[in-house]
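Here's the structure we're looking at; comments come further down.
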2 protein chains.
Amino acid sequence: MKTNTKGWYRAHEFAQLAGVTVRTLHHYDRIGLLKPGTRTSSGYRQYTERDLARLEQIVVLKFLGLPLKEIPDLLRDESALFDALRRQRIVLSEKRRRLDRAIAAIEKAAQSLRSQHGPDWNLFTQIIKEIEMQANSDWTKEYYSEAAQAKVEARKHLWSPELQERVSKEWARLIKDVEAVIGEDPASEKAQALAARWKKLVGEFTGGDPEIQKGLNKMWSDRANWPQEPQQNFQMKPEVQTFIMKAMDCKGAAR
Amino acid sequence: MKTNTKGWYRAHEFAQLAGVTVRTLHHYDRIGLLKPGTRTSSGYRQYTERDLARLEQIVVLKFLGLPLKEIPDLLRDESALFDALRRQRIVLSEKRRRLDRAIAAIEKAAQSLRSQHGPDWNLFTQIIKEIEMQANSDWTKEYYSEAAQAKVEARKHLWSPELQERVSKEWARLIKDVEAVIGEDPASEKAQALAARWKKLVGEFTGGDPEIQKGLNKMWSDRANWPQEPQQNFQMKPEVQTFIMKAMDCKGAAR
DNA sequence: ATCCGCCCTGACGTTGCGTCAGAGTCAAGG
DNA sequence: CCTTGACTCTGACGCAACGTCAGGGCGGAT
C-alpha cells in the first residue's frame, strides 16, 4: 500500500484518485455515505485506502443511476444489491426507450420541416404528440415515481405465470360479480364482500406495497382501464369502478 | 371552437386537456412561461383556446428535454427553435450512449456474478470502471454543463476541416514557442504576445462562447492534456500551461 | 344555509452536488 | 519569523420542475 508518505490522503488528492470533487466528498460526509475514519486536530479529513475502496464502489453505483440514499444499504447487503441491479437494469432500459422516442420525434419533425418551406407547428405538434402517446401507453410512467416504477417492474418479474393466471381470472370474475349488483346499495353486505375481495386482489397484485397501491388508486381515480400488460385486458366500465370506490369508502367511513 | 359554454377553461379542465397538473400551470404562470390572459374578479385563472395551443407546444418541447427557461425564446424565434432542436438531438443521442454503457455495465457484471458462486466486488468494480472509462474519454462530460455540452457538440459540426487543420497547426506552433521562452518573465512582451495568441486561438476554438471557455479553463486547471478529439494530440507539459496561465494573469492584473 | 369540489397563494421538499463567503492551516521561500 | 500560496473547513444559497401540504376563499347544487 503506497498510501503516500503520510499513510492517508487529504481531500484533494483523495478526490482526484476517485475522480470526484472535494465538494462531493463533503457531501458524502454530511449525508453519512462516506465518512473519513479520522480527522486531524485541526479538522482536516483523513481518508484511508479503505475509504477509497468504498468510494469507488459508491461511484460505480452512482454511475448506474442508483440514488445515493440507497447505496449504504446496498453496500451492506449483497442480496439487496443484486435485487437493485436487476431493477435498475429495467429502469434504465425504460429510460432508453423514452430517449429513443424523443430522438425519433425530433428527427421526424426535422424531416417534415425540411420538406416544407416554412415551419408548420400543427404538423410538428401532431407528430410529437403521436409519439408521446406511445410513451403514455406505458401506464406506469404517469402514476409512479421512478422508485415506485422500479418496484412495479421488479414485481412483474417475480410474478409466476400461475399467479398471473390466477389473479387475472379472479379479477375477471370479480368484475362480473360487481356488474351484477351495480344498482344496489354500496353499503350492503354483498357490496362490502366484493369490496373486500377487491382489496385482497389489489394486495396480491401490488405485493402489499403501499406506494404501488397509491399509484394504482391515482390511476383509477381518473381513468377507468386496467393496464393491458401481459395479454389480459382488465377493462371495466366506469360504473363498476365507481361502485367499488363507493363501497370501499363506506367501509372506511364505517370503521 | 367549442371552448365550453363559458368561453374559457378553469385550471383543472385546462390541465386535463393538455395532460398536465394544475400545479404545473401554477408553476408556468409564476415563471412567466404561460400566463392566462385574464383572471376572474376572485382571482381564478381563465385559460383560452390560444393558451391551450401554447401549452401544447410547451409540452412538446419539454418532452424533448428542453429546459423551460429556453422555451419562451424558442417559441418566439423559429430559427432559434431549429437550432435548439438540432443541438437537442445530439444531446439526446449522447445521453442514450451513456445509458447504453450503464446497461452494458450491469449486464456484464450480472453475468460474471452469476458464473461466480459469490459476489466479487473487485471484478464487479473493475468491469464497471472500464466502461466508465469509455465514458470519461468523452472529455466534455467532465467539464461542461449539459447545456454547454450541447453547444460544444454543435460547434464540432460547424467546424470545417480546413479550420480544424489550421487551428491545430497553430496550436502546435504556439506550444513550441511557449516552450522556448518558458524560463522568462511571464510579464515580458514576448510572453504577453504569446498569451494574446493563446487567447485568440481559444476564442476560435470555442467560438467565443464564454461558457465553453470556462469549461476549457476548468479542464486546464487540473489536467494538462488537450482533448484528443479529431486525430491531433495537443498534449503539453504542465510548465507550458502554467506559464501561459501566469502570463494571462499578469495581463489581467495590468489592466 | 351548507356542503362538496375546485381555486388561490405561500412555502418547504426533492437530488446531487456547484459555487461563493469567510476563516483557518500547512509547508516553503524570503 | 513572517509571508505567500495552496489547501482545508463550515455554513448557506442555487438549480430544475414541479409535488405536496397548509390555510383559507369561491361557486353551484341541494
Side-chain angles (χ1 to χ4, degrees), chain A residues 4-6 8-16 18-36 38-47 55 58-59 61-71 142-148 211 214-215 218 221-222 249, chain B residues 5-6 8-16 18-36 38-47 55 58-59 61-71 142-148 211 214-215 218 221-222 242 245-246 249:
Chain A
N4 158 354
T5 58
K6 300 182 290 286
W8 46 272
Y9 302 108
R10 286 168 50 161
H12 190 63
E13 25 173 18
F14 187 68
Q16 282 197 321
V20 302
T21 68
V22 174
R23 180 62 179 87
T24 300
L25 295 179
H26 288 173
H27 185 56
Y28 291 176
D29 191 352
R30 171 172 299 272
I31 68 177
L33 180 54
L34 177 68
K35 285 185 176 302
T38 57
R39 298 270 194 131
T40 67
S41 55
S42 52
Y44 282 27
R45 273 165 260 257
Q46 296 178 299
Y47 289 99
L55 179 53
I58 292 170
V59 169
L61 295 186
K62 192 186 56 153
F63 173 72
L64 297 181
L66 292 164
L68 294 187
K69 61 178 172 180
E70 288 182 12
I71 292 185
E142 284 195 64
Y143 299 101
Y144 291 114
S145 70
E146 297 217 332
E211 236 178 296
K214 193 176 156 196
K218 221 153 131 195
S221 75
D222 63 18
D249 277 348
Chain B
T5 58
K6 298 183 291 284
W8 47 270
Y9 301 107
R10 287 167 48 158
H12 191 62
E13 17 170 26
F14 187 69
Q16 281 197 324
V20 303
T21 68
V22 175
R23 181 61 179 87
T24 300
L25 294 179
H26 288 172
H27 185 55
Y28 291 176
D29 190 353
R30 173 173 298 273
I31 68 177
L33 179 53
L34 177 67
K35 287 185 175 302
T38 58
R39 299 268 193 132
T40 69
S41 54
S42 51
Y44 282 28
R45 271 166 261 255
Q46 296 177 299
Y47 290 99
L55 178 53
I58 292 170
V59 169
L61 296 185
K62 192 186 58 154
F63 173 71
L64 298 180
L66 292 165
L68 296 186
K69 62 176 172 182
E70 288 181 11
I71 292 184
E142 285 195 61
Y143 298 102
Y144 291 113
S145 71
E146 298 215 330
E211 237 179 294
K214 194 177 156 195
K218 221 154 135 193
S221 74
D222 63 18
T242 318
M245 301 279 269
K246 277 187 190 164
D249 275 349

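From a predicted model like this one, the values you see are computed outputs, not experimental measurements. Lettering follows sequence order; numbering is per chain, from 1.
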*Looking at residues 24-35 of chain A, who's got a heavy atom less than 4.0 Å off DNA chain C?*
A/T24, A/H27, A/Y28
*Distance test, side-chain N/O of B/K62 to OP1/OP2 of D/dA16, below 4.0 Å*: no
Please list, pair by pair, any protein nitrogen or oxygen found under 3.5 Å from a nitrogen or oxygen in nucleotides 5-7 of chain D.
from  : atom 1 : to    : atom 2 : distance (Å)
D/dC7 : O3'    : A/R10 : NH2    : 3.4

*Considering only C/dG16, D/dA12, D/dG19, which nucleotide approaches the side chain of B/T21 most closely?*
D/dG19
*Of the candidate nucleotides C/dT9, D/dA12, D/dG19, which contains the atom at the shortest distance from the side chain of A/R23?*
D/dA12
*A/K62 versus A/I71, closest heavy-atom pair with distance*: N-CD1, 4.1 Å
*If you look at every heavy atom in B/E13 and B/R10, which pair is closest and at what distance?*
OE2-N, 3.0 Å
*Is there a side-chain contact between B/Y47 and B/L25 (heavy atoms, below 4.5 Å)?*
yes
So how far is it from [X] [atom1] to [Y] [atom2], rounded to the nearest 0.5 Å?
{"X": "B/T40", "Y": "B/R45", "atom1": "OG1", "atom2": "CZ", "answer": "10.5 Å"}
{"X": "A/T21", "Y": "A/H12", "atom1": "OG1", "atom2": "NE2", "answer": "10.5 Å"}
{"X": "B/L55", "Y": "B/L33", "atom1": "CG", "atom2": "CG", "answer": "8.5 Å"}

Check the distance between [N]'s [atom2] and [X]'s [atom1] and give it to me in whole angstrom.
{"X": "A/E70", "N": "C/dG16", "atom1": "CD", "atom2": "P", "answer": "9 Å"}
{"X": "A/Q46", "N": "C/dC26", "atom1": "CD", "atom2": "P", "answer": "11 Å"}
{"X": "A/K69", "N": "C/dC17", "atom1": "NZ", "atom2": "C1'", "answer": "16 Å"}
{"X": "A/E13", "N": "D/dT8", "atom1": "CD", "atom2": "P", "answer": "8 Å"}
{"X": "B/I58", "N": "D/dA16", "atom1": "CD1", "atom2": "C1'", "answer": "16 Å"}

*asked:* How bent is the helix from C/dA1-D/dT30 to C/dG30-D/dC1, measuring the angle between the end axes built from five pairs each, rounded to 10°?
replied: 30°
*Measure distances between side-chain N and O atoms of A/R45 and base N and O atoms of D/dT8, and say whether any donor-acceptor pair falls under 3.5 Å.*
no
*What class does the angle between the rings of A/Y9 and A/F14 fall in, given that below 30° is parallel, 30 to 60° is tilted and above 60° is perpendicular?*
tilted
*5'-most by nearest nucleotide on DNA chain D - B/L66 or B/S42*: B/L66
*Identify which one of B/D29, B/V22, B/T24 satisfies the side-chain contact (heavy atoms from CB on, under 4.5 Å) criterion when paired with B/H26.*
B/V22
